[in-house]
**Q** 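Below are the structure tokens for one structure; questions will follow.
We count ligands from 1, going down the list as the structure has it; atoms in each ligand are counted the same way.
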Amino acid sequence: MTTKIIFFTGGVLSSVGKGVTAAAIGRLLKARGFNITIQKLDPYLNVDPGTLSPYQHGEVFVLDDGAETDLDLGHYERFCDLRLTRNSTVTTGQVYQEVLDRERRGDYLGGTIQVIPHITNEIKRRIALVGKASNAEIALVEVGGTVGDIEGQPFLEAIREMRNDLGRGNTAFVHLTWLPYLKATEETKTKPTQHSVRELRSIGILPDMIVARSDYPVEKALCAKIAQFCDVPAEAVIPLETANLLYRIPLILEEMRVAEILLDRLNLAPKQAPDLTEWRWMVQELDRQKPAVRIGLVGKYVELHDAYISVREAIKHAALYAGVDVEMEWISATDLEKGIGLERLEQVDGIVVPGGFGSRGVEGKIIAARFARERKLPYLGLCMGMQVMVIEFARSILGFSDANSSEFDKLTEHPVIDLMPEQANLVETGGTMRLGLYPCQIQADTLAARLYQREQVDERHRHRYEVNNSFREAFEQNGMVFSGLSPNRVLVEIAELREHPFMIGCQFHPEFLSRPTRPHPLFSGFIASVCERRGLPSEAHLPGS
Ligand code: GLN
């Protein structure tokens with residue numbers, strides 16, 4: 001079976017929502033019974049985003065197989081309810097690494113290695129692989145960046161060639177652009193769109209659909225103009241005004257028959273009438289005015305919400321099913337450690353401390369953990385958030401005043417969080433963490449057991465450090481319960497406090513597995529506990545309580 005491919009390119013500007021649009025279209029195709037997959041091509045030279053600062057590209061999203069990927073993969077998984085693999089992520093760095101490795105092995109038998117065809121062939125191989133590996137009928141492939149970027153050229157050349165390679169009717173090209181609005185003349189302009197389409201055509205790619213993003217409503221006449229100048233049928237110019245809710249976008253695109261138009265282009269008939277019942281319910285619920293709870297997210301990159309996008313989404317999913325709205329309070333951990341903004345902790349109904357690396361802000365996160373423990377405020381610690389909860393407990397309850405993670409203090413006598421022996425000798429930074437899905441056994445009669453209602457779960461990881469086993473007994477004797485352990489019982493996966501309504505931390509990242517139509521039990525439990533504290537009739541109370 002040939003996998004048919006829908007390619008997504010962008011023009012005019014980056015950050016106009018190519019990833020979300022591709023993900024939304026994926027949802028619409030899936031709703032019509034197609035087996036789909038989705039892939040992001042990132043033209044930067046990093047081998048993966050794992051080594052990139054969140055300030056550059058936002059959160060690093062981790063897949064089951066441990067691939068560290070762009071945050072768009074999070075949109076794909078959430079919108080399409082998929083579990084992707086490393087086949088779904090391709091960077092220029094990976095492509096070059098592969099080609100250069102082959103060259104060193106002598107695989108090219110003395111040939112000259114060139115961007116065309118060697119780099120482009122490797123890109124094409126990877127695009128073909130994603131569909132094959134998942135047996136997908138349709139693959140959605142997003143080219144990162146904007147048309148005209150020098151580094152994107154080999155990718156555009158590769159996808160241009162694929163139209164011929166696969167034969168007509170097996171590919172469709174969707175081009176996303178931005179329509180700027182000029183206040184002076186009160187006009188929305190199409191010229192940059194025309195230019196970016198011209199640029200695309202000069203490479204040999206003729207778009208089948210243009211999604212015209214804008215902050216303002218786009219009139220029909222403008223769409224007709226775009227259609228005329230860009231050689232796209234009028235029905236395939238899709239105006240997409242900035243939506244107040246990302247999850248509304250599939251429904252907006254559905255109204256404009258986007259899936260039908262693309263299926264037609266791919267010579268496919270829908271396998272079933274689209275089933276979007278659950279999605280519509282979810283969007284309706286998000287729209288409904290509900291009592292709000294305030295969640296404080298204490299992190300180091302709080303100015304940039306994209307750095308915590310999966311955490312924010314997971315909180316929203318859980319709140320939605322509990323029948324409450326969420327007001328996020330972004331609290332800077334570095335401010336807290338300087339004594340700034342402490343009063344903001346007083347104003348929240350629950351605290352989430354997400355993952356993080358490096359010592360900046362750690363003491364602020366420890367302050368937040370102490371506040372939650374002492375005030376009996378619901379607390380959810382994710383990875384580093386669990387580690388600071390353990391450090392705080394060691395300092396305040398076990399009396400180890402210098403307790404720390406050896407990540408932040410190599411000389412402490414109480415490294416309650418430490419490297420596992422096999423990690424200790426690693427010198428490289430990229431891809432050297434405990435990454436991806438690992439099993440976790442839930443201990444009976446614990447909060448974790450009540451939340452999960454299962455004996456074993458698999459969760460996604462991304463960390464180097466672990467709870468130090470030499471201190472485990474001291475913790476357990478003093479009220480900390482290690483309620484999730486690796487099957488060999490060597491690694492602590494979940495820690496919780498006995499004398500607290502809801503203080504729990506996990507060494508993994510549950511946020512990556514939360515879905516808008518299926519919130520994660522740890523987040524649901526956290527929100528239910530927040531609701532209980534506020535006396536709100538949460539519609540999803542703690543299971544079993
Ligand atoms: N820096 C910590 C570690 O490597 C936590 C990582 C994280 O929060 N993702 O273990």
Side-chain angles (χ1 to χ4, degrees), residues 48-55 57-64 66-69 71 74 297-302 304 306-312 314 333-334 351-366 368-369 379-392 394 403-410 412 415-438 440 459-469 471 482 484 486 490-495 504-514 520 522:
D48 60 44
T51 54
L52 283 172
S53 154
Y55 282 128
H57 278 266
E59 151 191 291
V60 175
F61 191 82
V62 182
L63 307 180
D64 286 348
E68 297 175 273
T69 73
L71 58 78
L297 186 140
V298 181
K300 163 163 96 154
Y301 303 106
V302 284
L304 186 82
D306 268 3
Y308 303 110
I309 182 164
S310 292
V311 177
R312 185 190 64 193
T334 35
I351 293 177
V352 175
V353 178
F357 292 84
S359 58
R360 187 168 72 83
V362 168
E363 291 302 322
K365 294 176 190 171
I366 292 175
Y379 176 96
L380 179 61
L382 310 169
C383 206
M384 160 89 94
M386 176 194 107
Q387 297 177 354
V388 294
M389 165 181 158
V390 169
I391 296 168
E392 193 284 316
N404 215 329
S405 161
S406 47
E407 181 180 5
F408 318 125
D409 180 357
K410 300 249 173 309
T412 173
V416 290
I417 305 292
D418 201 4
L419 281 181
M420 294 299 287
E422 59 269 26
Q423 292 275 28
N425 299 321
L426 290 173
V427 281
E428 290 188 8
T429 335
T432 55
M433 284 186 269
R434 186 161 171 246
L435 285 165
L437 222 53
Y438 284 90
C440 161
E459 294 278 4
R460 292 179 178 174
H461 293 247
R462 181 173 187 251
H463 62 107
R464 285 195 184 84
Y465 294 80
E466 311 274 354
V467 170
N468 186 338
N469 287 334
F471 297 99
F482 296 123
S486 60
V490 173
L491 302 174
V492 169
E493 295 281 6
I494 307 177
I504 190 163
C506 48
Q507 191 54 83
F508 46 81
H509 290 273
E511 66 271 22
F512 295 143
L513 292 181
S514 174
H520 190 284
L522 293 184

**Q** Polar contacts were defined as any N/O atom of the residue lying under 3.5 Å from an N/O atom of the ligand; does this apply to M384 and ligand 1?
**A**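 By distance alone, the answer is yes.
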**Q** Would you indicate whether the side-chain heavy atoms of M433 and F357 approach each other to under 4.5 Å?
**A**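 A side-chain contact under 4.5 Å exists here.
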**Q** Below 4.0 angstrom from a heavy atom of H509, which ligand 1 atoms are there? Numbered from 1 as shown, please.
**A**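 Counting from 1, the qualifying ligand atoms are 9 (N).
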**Q** Do the side chains of K365 and I391 get nearer than 4.5 Å, heavy atoms only?
**A**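 No, too far: nothing below the 4.5 Å cut-off.
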**Q** Could E407 and R464 be called an ion pair, given the rule that one side-chain N must be under 4.0 Å from one carboxylate O?
**A**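 Salt bridge between E407 and R464, a charged N being under 4.0 Å from a carboxylate O: no.
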**Q** Out of the candidates N404, V390, V467, only one should pair with V416 under the side chain to side chain contact (heavy atoms under 4.5 Å, CB included) rule; please name it.
**A**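 Among the candidates, only V390 passes.
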**Q** Ignoring angles and geometry beyond distance, decide whether Y465 reaches within less than 3.5 Å of ligand 1 through its nitrogen or oxygen atoms.
**A**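 Between Y465 and ligand 1 (N or O atoms, distance only) the closest approach is under 3.5 Å.
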**Q** Which is closest to atom 6 (C) of ligand 1 by heavy-atom distance: G356, G385, S359, G381?
**A**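 Nearest heavy atom to atom 6 (C) of ligand 1 lies in G356.
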**Q** Classify the ring geometry between F512 and F61 as parallel (under 30°), tilted (30 to 60°) or perpendicular (over 60°).
**A**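 Plane angle over 60°, so perpendicular.
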**Q** For atom 4 (O) of ligand 1, what is the closest protein heavy atom, and at what distance to 0.1 Å?
**A**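 Residue, atom and distance for the closest contact: R464 N, 2.9 Å.
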**Q** Under 4.0 Å between a Lys/Arg side-chain N and an Asp/Glu carboxylate O for R462 and E511?
**A**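 Looking at R462 and E511, the cut-off is not met.
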**Q** Where does R462 meet ligand 1, judged by heavy-atom distances below 4.0 Å: at the side chain, the backbone, both, or neither?
**A**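 Backbone only; the side chain of R462 stays clear of ligand 1.
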**Q** Among E407, M386, H463, M433, whose heavy atom sits nearest atom 2 (C) of ligand 1?
**A**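 It is E407 that holds the nearest heavy atom.
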**Q** If you measure from each non-hydrogen atom of Q387 to ligand 1, which part falls under 4.0 Å: side chain, backbone, both or neither?
**A**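 Answer for Q387: side chain.
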**Q** If the cut-off is 4.0 Å to any non-hydrogen atom of C383, which atoms of ligand 1 fall inside it?
**A**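 Atoms satisfying the 4.0 Å criterion: 5 (C), 6 (C), 7 (C), 8 (O), 9 (N).
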**Q** Please name all residues satisfying side-chain contact (heavy atoms from CB on, under 4.5 Å) with D418, sequence neighbours left out, ordered by chain then number.
**A**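 Partners of D418 under the side-chain contact (heavy atoms from CB on, under 4.5 Å) test: S406, P415, N468.
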